[in-house]
Amino acid sequence: IAQGKFQKDLLMGMIKILEIYDPHTKGHSENVASLSARFAEELGISSDLIQRIYWAGLVHDIGKILVSRELLGKMGPLTSSEYQIIQNHPVWGAEVLQSSDELSDIVLYIRHHHERWDGSGYPDKLAGEGIPLGSRIIAVADAFDAMTSDRVYRAALSPEVAARATSSTASMKQPPRSIEQGRSAR
C-alpha cells in the first residue's frame with residue numbers, strides 16, 4: 001500500500017507540473033483517469049488492467065510539457081504546423097516513460113491514445129484492434145472530458161451534446177461499444 005501511495009503521489013506531482021505549465025488542463029488528467037477506469041470496469045476488464053489503464057489515463061498528456069505554453073493556450077485555430085507540434089505529445093509522453101519495463105503497457109497506451117478506429121489518428125495511424133485496448137478506452141474518456149470541459153477556444157458542451165457529438169463520429173473514432181461507455185459517463 002505504501003508503494004502504491006508513493007507511485008500515485010509521484011504521478012500526481014508530474015500532473016501538477018503539467019497543470020502549472022498549462023492551467024487550462026487542471027483536473028483533466030484525473031477526470032480522464034477516473035472515466036477510463038470506469039469504462040474499463042463496465043467492459044469487465046480485470047482489476048489489474050483497470051489499474052494500469054487508470055495510471056495511463058492519469059499521465060496520458062504528460063508529453064504536453066514539451067509543447068510551448070503559447071501554443072497550448074492559443075485562442076484561435078491552430079495552423080497546420082502548430083497542429084503537427086501538438087500531435088507529438090503522445091510520442092513525447094511515451095518517450096518520457098519508456099525507460100522502465102514496468103511501464104511498457106502504459107507507454108503504449110499513452111503513445112496511442114489519439115489513434116482512431118479507422119486509422120486516421122496519430123502518431124502511427126493504427127486502426128481497429130491494432131490499437132491497444134487501454135488506448136481506445138483512454139481516447140473515449142479523453143474526448144468526453146474535453147468536450148464537457150471549458151477550453152480556451154470554446155465553452156463546455158453538456159454531457160448530452162457531447163454524447164451526440166461522439167456518436168455522430170463513432171464509426172471513425174472508436175468501436176461502438178466504447179462509444180456507449182462514453183454516452184453513459186455522466
S.K.: Which pair of heavy atoms, one from Y122 and one from P90, lies closest together, and at what distance?
M.R.: CE1-CG, 3.9 Å
S.K.: Do the non-hydrogen side-chain atoms of V59 and W55 ever get within less than 4.5 Å of each other?
M.R.: no
S.K.: Please answer: with hydrophobic residues joined when any side-chain heavy atoms are less than 4.5 Å apart, are L11 and I62 in the same cluster?
M.R.: yes
S.K.: Is the side chain of S135 donor-acceptor paired with the backbone N or O of I131 at a distance under 3.5 Å, no angle test?
M.R.: no
S.K.: Do side-chain atoms of S120 reach the backbone of R116 as a donor and acceptor pair under 3.5 angstrom?
M.R.: no
S.K.: Could you grab the distance from atom CE of M147 to atom OG of S158, nearest 0.5 Å is fine?
M.R.: 10.5 Å
S.K.: For the backbone of D124 and the side chain of E115, can you confirm whether one donor and one acceptor N or O come within less than 3.5 Å of each other?
M.R.: yes
S.K.: Going by an N to O cut-off under 4.0 Å, is there a salt bridge joining E82 and K74?
M.R.: yes
S.K.: Please step through side chain to side chain contact (heavy atoms under 4.5 Å, CB included) for the pair I15 and K26, ending with a clear verdict.
M.R.: CA-CA 9 Å; I15 297 311; K26 187 163 181 64; over 6 Å; no
S.K.: Test of understanding: clusters of I, L, V, M, F, W, Y form through side-chain heavy atoms closer than 4.5 Å, transitively. Do M12 and I106 belong to the same one?
M.R.: yes
S.K.: Closer than 3.5 angstrom, by distance alone: can the side chain of E41 be matched with the main-chain N or O of I50 as a donor-acceptor pair?
M.R.: no
S.K.: Nearest 0.5 angstrom please: L71 CG to I86 CD1, how far?
M.R.: 4.0 Å
S.K.: Taking atom CD of Q84 and atom OG of S80, what is their separation to the nearest 0.5 Å?
M.R.: 4.5 Å
S.K.: Please check if the side chain of D145 supplies one atom and the backbone of A141 the other of a donor-acceptor pair under 3.5 Å.
M.R.: no
S.K.: One thing to verify: whether E19 and K64 come together as a salt bridge, which I'm taking to mean a side-chain N less than 4.0 angstrom from a carboxylate O.
M.R.: no
S.K.: Determine the minimum heavy-atom distance between I138 and I53, stating which atoms define it.
M.R.: CD1-O, 4.0 Å
S.K.: Rounded to the nearest 0.5 Å, what separation is found between the OH atom of Y83 and the CG atom of L78?
M.R.: 8.5 Å
S.K.: Could you tell me the separation between the CG atom of L43 and the CG atom of L49, rounded to the nearest 0.5 Å?
M.R.: 10.0 Å
S.K.: Could you tell me whether a side-chain N or O of S104 sits under 3.5 Å from a main-chain N or O of D101, the two making a donor and an acceptor?
M.R.: yes
S.K.: For the pair E42 and R38, find out whether any cationic side-chain nitrogen is under 4.0 Å from an anionic carboxylate oxygen.
M.R.: yes
S.K.: Would you name the heavy atoms of A94 and I110 that are closest together and state the gap between them?
M.R.: N-CG2, 3.9 Å
S.K.: Y21 side chain to V67 main-chain N or O, any donor-acceptor pair under 3.5 Å?
M.R.: yes
S.K.: Are V96 and V107 close enough that some pair of their side-chain heavy atoms sits under 4.5 Å apart?
M.R.: no
S.K.: Minimum heavy-atom separation for L103 and R52, please, with both atom names.
M.R.: CA-NH2, 3.9 Å
S.K.: Mind checking the CD-OG spacing from E102 to S100? Nearest 0.5 Å is all I need.
M.R.: 5.5 Å
S.K.: Minimum heavy-atom separation for L35 and F144, please, with both atom names.
M.R.: CD1-CD2, 4.3 Å
S.K.: Under the criterion side-chain hydrogen bond (donor to acceptor under 3.5 Å, both in side chains), which of H28, R111, H89, H114 is the partner of H60?
M.R.: H28
S.K.: Is the count of non-hydrogen atoms from other residues, nucleotides or ligands lying under 6.0 Å from Q87 atom CD greater than 12?
M.R.: yes
S.K.: Are any of the side-chain heavy atoms of R69 and D22 separated by less than 4.5 Å?
M.R.: no
S.K.: Measure across V32 and D142 and return the closest heavy-atom pair with its distance rounded to 0.1 Å.
M.R.: CG2-CA, 3.7 Å
S.K.: Considering only heavy atoms from C-beta outward, does the side chain of S36 approach that of Y109 to under 4.5 Å?
M.R.: no
S.K.: Quick one: do I85 and V91 end up in the same hydrophobic cluster if we chain Ile, Leu, Val, Met, Phe, Trp and Tyr together by side-chain heavy atoms under 4.5 Å apart?
M.R.: no
